[in-house]
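Start at 1 with the first residue, then count along the sequence. Values in this document were obtained by computation on a predicted structure and should not be read as measured data.
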Amino acid sequence: MGESRTGVREISIEEFDEMIENHDDLLIVDVRDAAEFRRGHIPGALLIPHEILEGVTDDVNRSRVDKLLGARQKTLVLCSQDGSCSAASANKLEQMGFEKVYSLAGGINRWEAQGFALVRE
């Protein structure tokens with residue numbers, strides 16, 4: 001696992017695949033928009049577009065996402081199309097007190113290019 005330009009820890013596709021297999025306390029967050037998500041996302045990913053990420057972690061916000069609210073000590077892997085937006089979003093979550101946040105290096109593009117399955121809606 002390395003660090004991105006923003007200082008956020010990046011996780012390779014191989015490390016992430018291993019983490020999925022061996023980690024019960026994992027939350028995958030897709031920070032793209034809904035249309036991109038429907039075109040193909042990692043199985044089990046939770047859609048939370050990066051534009052609303054900060055608001056959904058506020059427990060008094062009506063738009064809060066309870067799965068994310070209770071995840072400050074869980075391992076989070078954020079993914080975007082190419083990894084750049086997920087790195088910025090991971091940085092934001094770290095600043096908000098989330099402890100184990102990773103950005104998927106290369107994002108959905110690299111995940112699919114390496115032959116891993118996407119869920120399409």
Report task. State the CG-OG distance between L93 and S103, to the nearest 0.5 angstrom. Result -> 11.0 Å
Query raised in the report: Got more than 12 heavy atoms from elsewhere within 6.0 Å of CD, E18?
Result: no
Requested in this report: Let me see the working for L26 and V77 under side chain to side chain contact (heavy atoms under 4.5 Å, CB included), right down to the final yes or no.
Outcome: CA-CA 8 Å; L26 174 66; V77 176; 3.7 Å; yes
Query raised in the report: Do E14 and Q114 have side chains that get closer than 4.5 Å, going by heavy atoms?
Result: yes
**Report entry** Approximate separation, where rounding is to 0.5 Å, of L47 CG and E121 CD
**Finding:** 9.0 Å
Requested in this report: Show the numbers, then the answer: is there a side chain to side chain contact (heavy atoms under 4.5 Å, CB included) between D25 and T75?
Outcome: CA-CA 6 Å; D25 206 24; T75 299; 5.5 Å; no
Query raised in the report: Closest approach of C85 and S80, non-hydrogen atoms and distance?
Result: N-OG, 3.5 Å
Report task. Search all heavy atoms of K92 against all heavy atoms of H50 and return the closest pair with its distance. Result -> NZ-O, 4.1 Å
Report task. Indicate the atoms forming the closest heavy-atom contact of R39 with R120, along with that distance. Result -> O-NH1, 2.5 Å
Query raised in the report: Should M19 and I11 be marked as a side chain to side chain contact (heavy atoms under 4.5 Å, CB included) after you check the CA-CA gap, both sets of side-chain angles, and the distance that decides it?
Result: CA-CA 10 Å; M19 186 181 282; I11 187 168; 3.4 Å; yes
**Report entry** Passing candidate, side chain to side chain contact (heavy atoms under 4.5 Å, CB included) with L46, options V31, L27, I28
**Finding:** L27
Report summary line: Note: L76 and V29 closest approach over all heavy atoms is CD2-CG2, 4.5 Å
Query raised in the report: What distance separates K100 NZ from Q73 CD, expressed to the nearest 0.5 Å?
Result: 7.5 Å
Requested in this report: Evaluate the criterion side chain to side chain contact (heavy atoms under 4.5 Å, CB included) for residue pair R9 and E94; output intermediate values, then yes/no.
Outcome: CA-CA 10 Å; R9 293 169 289 196; E94 283 185 342; 3.3 Å; yes
Query - Reference residue L104; test side chain to side chain contact (heavy atoms under 4.5 Å, CB included); the match among I13, L78, D30 - result: I13
Query raised in the report: Honestly curious: do V119 and F16 fall in one hydrophobic cluster under the side-chain, below-4.5 Å linking rule?
Result: no
Report summary line: Between C79 and I42 the two heavy atoms that sit nearest each other are SG-CD1, 4.1 Å
**Report entry** Within-4.5 Å side-chain heavy-atom neighbours: I108 and R32
**Finding:** yes
Query raised in the report: What are the two closest non-hydrogen atoms of F37 and A45, and how far apart are they?
Result: CZ-O, 3.7 Å
**Report entry** Under 3.5 Å: donor-acceptor pair, side chain of W111, backbone of A117
**Finding:** yes
